[in-house]
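The next block holds one structure in the form of C-alpha cells; read it before the comments.
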Amino acid sequence: MGLIPGVLSRNWQLKLSAFAIAVLLWVTVRIDSANRQSIPARVNVEVNDASWALVGEPLPGTVQVLFGGPASEILRVAVEGTSVRVPIEAVTSPDTSIGLRSEWVANGGLQGLVVQDIRPGSVRLHFEPMETADRPVGIRTRGTLDESVALTQPLAAVPPTVRLRGPSSRVAGIDTVFLAPIELESLRESGAHTLPVDRAGLADLGISPDSATVRVALEESAERVVTLSIAADDPGGGGLELSRDTVQVRLVGARSRIEGLEPSLLRALVRAEDLTDLAPGEERRVPVRLEGFPALVMATPASDTVVARRSMEQ
C-alpha cells in the first residue's frame, strides 16, 4: 500500500497537465457533437437619418444569437462577445419594429460560423424628430471674490446663446446651457475667461459653440455707511409706532458704484403684509426691507428688524 502514494507524487505536475488537457478535449468533443450554441448579443442601433434620433434603448436591448460552426470559433465568440448592428437609413415612423438580419451580427471575421437563428427576431425602436434651438448661456460661480476687489458690471458671456440640436423632447426640456463654474477666488483683475460648456446631462446633444468667453470687470472695493429713514406701508389706518425711525446700512461694492450711489433713491421699508391684523395695543417684531439698491452692491443693515406697535387710540 505504501507504493501508491509514491506513484501519485512522482511527476505530479506532468500528470496534472495531462488531466487538464484531457478535460479540455472532452469539452471540445462535447461541443463538436452539438456544433451550435446560443450566445447573447447586444443590439446597437446606427441611425443614418439626420432628421431623427433614437430615444431610449431598443426593446429588447439584448437578443440570443444561435451560432453554428467549428467548436473553437463558437467558444471564441462566447468568450469575446458579439453584437447586432442595426442600420437605419430612413425613419418612416416614430415607433418602428425592425426585423433582425443575420448579416448584422458581428462575428469578428471568424471563419466557418453561421448565424442559424436570432431570438427574438425583431426589436422595437422609438424615434423623435431632431430639433435645433438657441438657448441662453448661464454663468455659475464658485467661491467668493477677494475682499480687495469687486465687480463693476454683471458677468456676461460672449456669445450669449448657444445652439442645441437633439431629440425634440430633450431640447424642449432645457431652458439654459451652463458653463463650467468660474473660480472667483482666482480673480484679481479685469479680463476675459474662456469656459467650456458643462456637458453634465447633455452628452446626447449637439452644442455649438461648446464654449463661451466670460467678461470680468473688476475694481477696487469700497465701503460706505448711510442712514435711512424707515417708512411703514401701514394698512391699519394709523396709530402705528416703530421702535426706531432710522437704520444704518453698510454698503460694500466697486468704488465707482459706491461713490456714485444716491442715498435718496434707497429705501428702508416695513411692508403692509408684515403688519396685517396688528391689533390695537399689540406689539410685533417685523423685518426691515431694503429697496432701491443697485446690483453688485451688498447692503447690510445694522439691524434687520424693528418693533411695530399699534396704539390704543387711533
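Residue numbers count from 1 along this sequence. Note that the structure is predicted; figures quoted are calculated from it, not measured. Worth knowing before you read on, the calculation uses all heavy atoms, side chains too, and leaves out hydrogens, waters and symmetry mates.
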Could you walk me through whether Leu179 and Val197 pass the side-chain contact (heavy atoms from CB on, under 4.5 Å) test, one step at a time? CA-CA 4 Å; Leu179 301 176; Val197 167; 4.1 Å; yes
Just do the side-chain contact (heavy atoms from CB on, under 4.5 Å) check on Gln64 and Ser38 with the steps written out, would you? CA-CA 6 Å; Gln64 294 291 325; Ser38 182; 3.1 Å; yes
Between Glu241 and Ser311, is the side-chain hydrogen bond (donor to acceptor under 3.5 Å, both in side chains) condition met? List the steps. CA-CA 7 Å; Glu241 300 173 355; Ser311 64; 4.8 Å; no
Check step by step if side-chain contact (heavy atoms from CB on, under 4.5 Å) holds for Thr96 and Ser93. CA-CA 6 Å; Thr96 304; Ser93 172; 3.9 Å; yes
With salt bridge (Lys or Arg N to Asp or Glu O under 4.0 Å) as the criterion, how do Glu219 and Arg255 come out once you've worked through the C-alpha distance, each side chain's angles and the decisive distance to 0.1 Å? CA-CA 7 Å; Glu219 195 176 84; Arg255 179 170 295 280; over 6 Å; no
Under the criterion side-chain contact (heavy atoms from CB on, under 4.5 Å), I'd like the reasoning laid out for Leu296 against Arg257: C-alpha separation, chi angles, the key distance, then a yes or no. CA-CA 8 Å; Leu296 304 179; Arg257 284 182 171 261; 4.1 Å; yes
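Remark: Arg165 does not engage Glu131 in a salt bridge, criterion side-chain N to carboxylate O under 4.0 Å. Ion pairing between a basic and an acidic side chain is recognised when a charged N comes within 4.0 Å of a carboxylate O; Asp274 and Arg284 show no such pairing. Salt bridge status for Arg271 with Glu291: present, with a side-chain N to carboxylate O gap under 4.0 Å. Under the 4.0 Å criterion applied to side-chain N and carboxylate O atoms, Glu282 and Arg310 are not assigned as salt-bridge partners. Between Asp210 and Arg199 no salt bridge is recorded (no basic side-chain N to carboxylate O distance below 4.0 Å).
The two residues Arg267 and Ala231 make their nearest non-hydrogen contact at NH2-CB, 4.5 Å. Closest approach of Ala41 and Val65 over heavy atoms only: CB-CG2, 3.7 Å. Nearest heavy atom pair, residue Leu195 against residue Ala180, reads CD1-O, 3.5 Å. Taking every heavy atom of both residues into account, Glu128 and Ser169 meet most closely at OE1-OG, 2.8 Å. Shown here for Leu113 and Phe67, the closest heavy-atom pair between the two residues is CD1-CD2, 4.2 Å. For the residue pair Val216 and Leu218, the shortest heavy atom distance occurs at CG1-CG, 3.8 Å.
Atom OG of Ser229 sits about 11.5 Å away from atom CG of Leu266, to the nearest 0.5 Å. Interatomic distance, Leu278 CG to Asp234 CG, rounded to the nearest 0.5 Å: 8.0 Å. Distance check: Thr213 OG1 to His193 NE2 gives 10.0 Å after rounding to the nearest 0.5 Å. Here the OG1-CZ distance, from Thr176 to Arg135, works out to 8.5 Å after rounding to the nearest 0.5 Å. The distance from the CD atom of Glu46 to the CG atom of Leu54 is 12.0 Å, given to the nearest 0.5 Å. Between atom CD1 of residue Ile98 and atom CH2 of residue Trp104 there is a gap of 6.5 Å, rounded to the nearest 0.5 Å.
In the displayed structure, Arg215 atom CZ is contacted under 6.0 Å by at most 12 heavy atoms of other residues, nucleotides or ligands. Residue-environment remark: CD (Glu189) stays at or below the threshold of 12 foreign heavy atoms within 6.0 Å. In this structure, Asp277 places its CG atom where only 12 or fewer heavy-atom neighbours from other residues, nucleotides or ligands lie under 6.0 Å away. Summarising the local packing, CZ of Arg101 is surrounded by 12 or fewer heavy atoms from other residues, nucleotides or ligands at distances under 6.0 Å.
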Validation: residues 154-163 side-chain donor-acceptor distances under 3.5 Å, sequence neighbours left out:
from	atom 1	to	atom 2	distance (Å)
Arg163	NE	Asp134	OD1	2.8
Arg163	NH2	Asp134	OD1	3.4
Arg163	NH2	Asp134	OD2	3.2

Show me the side-chain donor-acceptor pairs of residues 143-152 shorter than 3.5 Å, one per line, residues at least two apart or across chains.
from	atom 1	to	atom 2	distance (Å)
Asp146	OD2	Ser148	N	3.0
Asp146	OD2	Ser148	OG	2.6
Thr152	OG1	Ala217	O	3.4

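Counting heavy atoms from C-beta on, the side chains of Val249 and Thr300 never come closer than 4.5 Å. Taking the side chain as every heavy atom from C-beta outward, Leu269 and Leu290 never approach each other to under 4.5 Å. Looking only at side-chain heavy atoms (C-beta outward), Leu251 and Leu261 come within less than 4.5 Å of each other. Using a 4.5 Å heavy-atom threshold, the side chains of Leu164 and Val177 count as touching. Pro235 has its side chain within reach of Leu275: a pair of non-hydrogen atoms, C-beta onward, lies under 4.5 Å apart. Between Ile230 and Leu242 the shortest side-chain heavy-atom distance falls below 4.5 Å. With a 4.5 Å cut-off on side-chain heavy atoms, Pro301 and Val288 do not count as touching. Using a 4.5 Å heavy-atom threshold, the side chains of Leu202 and Ile207 count as touching.
Taking hydrophobic clusters as Ile, Leu, Val, Met, Phe, Trp and Tyr residues chained together by side-chain heavy-atom distances below 4.5 Å, Val86 shares a cluster with Val91. Taking hydrophobic clusters as Ile, Leu, Val, Met, Phe, Trp and Tyr residues chained together by side-chain heavy-atom distances below 4.5 Å, Val55 does not share a cluster with Val43. Linking Ile, Leu, Val, Met, Phe, Trp and Tyr whenever their side-chain heavy atoms come within less than 4.5 Å puts Val47 and Val84 in one cluster. Put simply, Val137 and Ile174 are part of the same group of oily side chains (I, L, V, M, F, W, Y) that touch within less than 4.5 Å, one to the next.
In this structure a side-chain-to-backbone donor-acceptor pair under 3.5 Å is missing from Asn44 to Arg85. Ser221 places no side-chain N or O within donor-acceptor distance of the main-chain N or O of Ala254, the cut-off being under 3.5 Å. The backbone N or O of Ala308 sits nowhere less than 3.5 Å from a side-chain atom of Arg285 that would complete a donor-acceptor pair. No donor-acceptor pair closer than 3.5 Å links the side chain of Glu73 to the backbone N or O of Gly112.
Legend: residues meeting side chain to side chain contact (heavy atoms under 4.5 Å, CB included) with Asp204, ordered by chain and number and at least two apart, are Arg170.
No side-chain N or O of Ser83 forms a donor-acceptor pair with one of Arg42 less than 3.5 Å apart.
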